[in-house]
Amino acid sequence: MIARTYGSRLPGLPDESLSGKLIVIEGADGSGRTTEVSLLREWLEVEGHAVVDTGLRRSTLVAGEIDRAKQGHTLGATTMALLYAVDFADQLENKIVPALAAGSTVLADRYIYTLMARAVVRGASREWARRLYGFALRPDLVIFLEARPEILLHRAISKYGSLDYWESGMDLSLSRDLFESFFAYQDRLSKEFAWVGAEYGFHRVDANRRPEQVHDDVRALVAPLYAGPFGARPATRPRPPVIPRAARAASS
Amino acid sequence: MPDETPSPTHGFPGRLFVFEGLDGSGKSTQAALLGKWLQAQGYRVFFTEWNSSELTAATIRRGKKKNLLTPTTFSLLHATDFADRFERKILPPLRAGYVVVCDRYAYTAFVRDAARGCDPAWVRNIYSFAPRPDQVFYFRVPVAVTLKRKIASRVKINYYEAGMDLGLSPDLHDSYARFQTRLKSEYERIARTDGFTVIDSSRTVERIQTDLRGYVRPILENFPTGERLMHDS
């Protein structure tokens with residue numbers, strides 16, 4: 001049972017196997033995660049898989065507290081990291097685990113890795129963050145959408161018309177200038193993601209390209225998860241075709 | 001000369017005293033009395049209770065009311081609350097050289113979360129930001145006594161306090177007694193591993209308070225009082 005999590009016990013985790021698949025899409029704001037999740041969802045549903053999507057800050061338990069805390073900007077780094085952990089745990093237990101037990105595919109728009117990287121950038125130790133999230137389920141696949149800071153900047157500005165206070169790490173006082181702070185913060189985050197990615201086995205996808213091109217690579221990573229025997233799933237379920245490598249290479 | 005040497009246990013200039021024990025063990029009464037006495041001695045004292053931060057109080061209340069909490073979210077929510085209190089209220093006076101008195105500390109979480117089936121090593125890691133106190137007073141009391149006090153107080157026993165979420169018993173009082181028994185055995189275990197000072201709570205309030213003052217005095221020998229912190233003499 002412990003092997004299914006990152007090292008610590010999750011009380012109440014059902015003993016039977018979780019037959020669904022847990023796929024995580026990670027990446028900075030502007031890396032195209034949300035677009036990718038919806039493309040992936042569409043594709044998987046067409047292939048006949050039940051899909052549930054999830055993301056950060058969607059639990060009803062503490063989402064309000066997080067929003068209020070962000071507006072007030074008064075919380076300490078440890079408190080904020082733990083508040084996010086409550087939100088994550090609530091979603092894991094009330095949404096992700098039941099969906100996996102029912103055989104669905106769970107698409108997570110960010111997971112513990114973002115939370116760990118943010119906490120560490122704000123002063124938490126890596127070891128503390130790693131052990132804090134020891135109760136998290138190990139995903140079947142973690143895809144990291146990697147984009148250059150300049151590209152992230154332009155996507156952020158075209159999407160919101162400005163830079164976000166938190167995504168620019170203004171709470172870290174790296175610079176009073178939003179623009180400079182954004183680069184300094186993204187730089188620190190990406191260094192932290194490099195560590196997290198090596199430790200947790202990320203599959204990196206070049207997200208500097210157009211969504212369709214990114215999606216082709218993502219599909220190629222996801223398809224093998226469904227190619228093998230399905231365990232508890234009925235054998236009659238349609239299986240998605242595995243995209244030949246040559247066809248992908250030609251399209252990108 | 002005031003002794004401004006940092007505490008040998010946590011390294012901060014202040015001193016940290018913690019009161020632990022089951023509900024109804026008499027620890028809160030004693031913690032408040034000790035705080036009063038320390039103030040009367042001229043020390044700068046900061047007193048804090050478990051579960052008193054405004055941040056998550058409403059969520060904890062709501063979650064408890066609707067029985068929405070699992071052992072993991074229960075644990076993390078209390079840790080968040082404690083971290084908020086620690087970062088904003090406990091750490092600054094500790095760094096400034098106050099005497100901090102805590103009615104419950106991280107040990108309460110160690111005991112409750114373990115009783116709920118959380119991984120003890122996981123819980124310890126979460127609270128690793130909380131420094132080791134100068135002294136922890138553990139109030140030892142038979143579970144039967146706390147149950148009697150609880151019933152006499154006419155305060156309604158709530159769902160989580162009785163450990164009803166664990167399904168130990170469908171009866172509230174029975175569940176409360178069983179859950180408190182679990183907490184007590186965990187307290188007794190960590191009292192040894194964490195070097196608690198055990199206080200026999202069956203004695204009179206005055207006797208216990210006299211003992212506590214006796215324990216605290218040597219730790220505060222030469223410790224600066226408020227006057228000396230604010231003015232050069």
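Each chain gets a letter, A, B and so on, in the order the sequences are listed, and its residues count up from 1.
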Note: vs chain A, highest number of non-hydrogen pairs under 4.5 angstrom among G117(B), A121(B), A79(B), P71(B) is G117(B)
Over all atoms of both residues, closest heavy-atom pair of F129(B) and T78(A) = CD2-CG2, 3.6 Å
Would you say L76(B) and L132(A) make side-chain contact, with heavy atoms under 4.5 Å?
-> yes
With rounding to the nearest 0.5 Å, note down the distance linking OG1 in T72(B) to CZ in F88(A).
-> 10.5 Å
Quick one: pull up OG1 in T73(B) and CG in N94(A) and give me the separation to the nearest 0.5 Å.
-> 7.0 Å
Distance, nearest 0.5 Å, that separates OG1 of T70(B) from CG of L10(A) | 7.5 Å
So, do T5(A) and W122(B) sit near enough that their side-chain heavy atoms are less than 4.5 Å apart?
-> no
Look up atom OG in S128(B) and atom CZ in R131(A), then write down how far apart they are to the nearest 0.5 Å.
-> 7.5 Å
For atom CZ of R41(A), decide whether the heavy atoms of other residues, nucleotides or ligands shown that lie under 6.0 angstrom number more than 12.
-> yes
Within a reach of under 6.0 Å around NE2 of H203(A), are more than 12 heavy atoms found that belong to other residues, nucleotides or ligands?
-> no
Shortest non-hydrogen contact from A83(B) to T79(A)?
-> C-OG1, 3.2 Å
